[in-house]
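Structure record follows, encoded as structure tokens.
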Amino acid sequence: MMLSRESAELIGLQAVAWLAANDDLLPVFLGATGASAESFRTGLDDPSFQGAVLDFILMDDAWVAAFCEAEGLAYDRPRAARAMLPGGGEVNWT
């Protein structure tokens, strides 16, 4: 089932909030992306930033599971949300 853009942005915002509260993963995200704590705070409502956070979470199945369980989401929702946010189209490598 496809998500609306509004639903995708809500999941993106949930992802940002979840990551911000995760003392173990937030420094990993900041280090991997080069984002600062300030840019993290200012990016909360930016769908592109939300997409970057979802990209990060989607890198590890354990992170996806932890996020979904914390937010009461089905495991396929983060990927569906990512697809609806800027830059989230499926990549075709062929």
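Treat the numbers as computed from the prediction; the structure is a model and nothing was measured. Nothing fancy with the numbering, it's 1 onward along the sequence. Just so it is clear, the values below take in all heavy atoms, side chains as well, and ignore hydrogens, waters and symmetry mates.
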Using distance only, find each side-chain donor-acceptor pair of residues 21-33 under 3.5 Å and give its atom names and separation, not counting sequence neighbours.
residue : atom : partner : partner atom : Å
N22     : OD1  : D24     : N            : 3.1
N22     : OD1  : L25     : N            : 2.9
T33     : OG1  : F29     : O            : 2.8
T33     : OG1  : A35     : N            : 3.2

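- For residues 40-62, every residue pair satisfying the side chain to side chain donor-acceptor pair (under 3.5 Å) rule, not counting sequence neighbours, is listed here: E38-R41, D55-R82.
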Contacts table for residues 6-18: side-chain donor-acceptor under 3.5 angstrom, sequence neighbours left out:
residue : atom : partner : partner atom : Å
S7      : OG   : S4      : OG           : 3.0
E9      : OE2  : R5      : NE           : 2.9
Q14     : NE2  : E71     : OE1          : 3.2

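- With rounding to the nearest 0.5 angstrom, the CZ atom of F67 is 9.0 Å from the CG atom of L58.
- In terms of hydrophobic clustering, with Ile, Leu, Val, Met, Phe, Trp and Tyr side chains grouped at heavy-atom distances under 4.5 Å, L19 and Y75 are assigned to different clusters.
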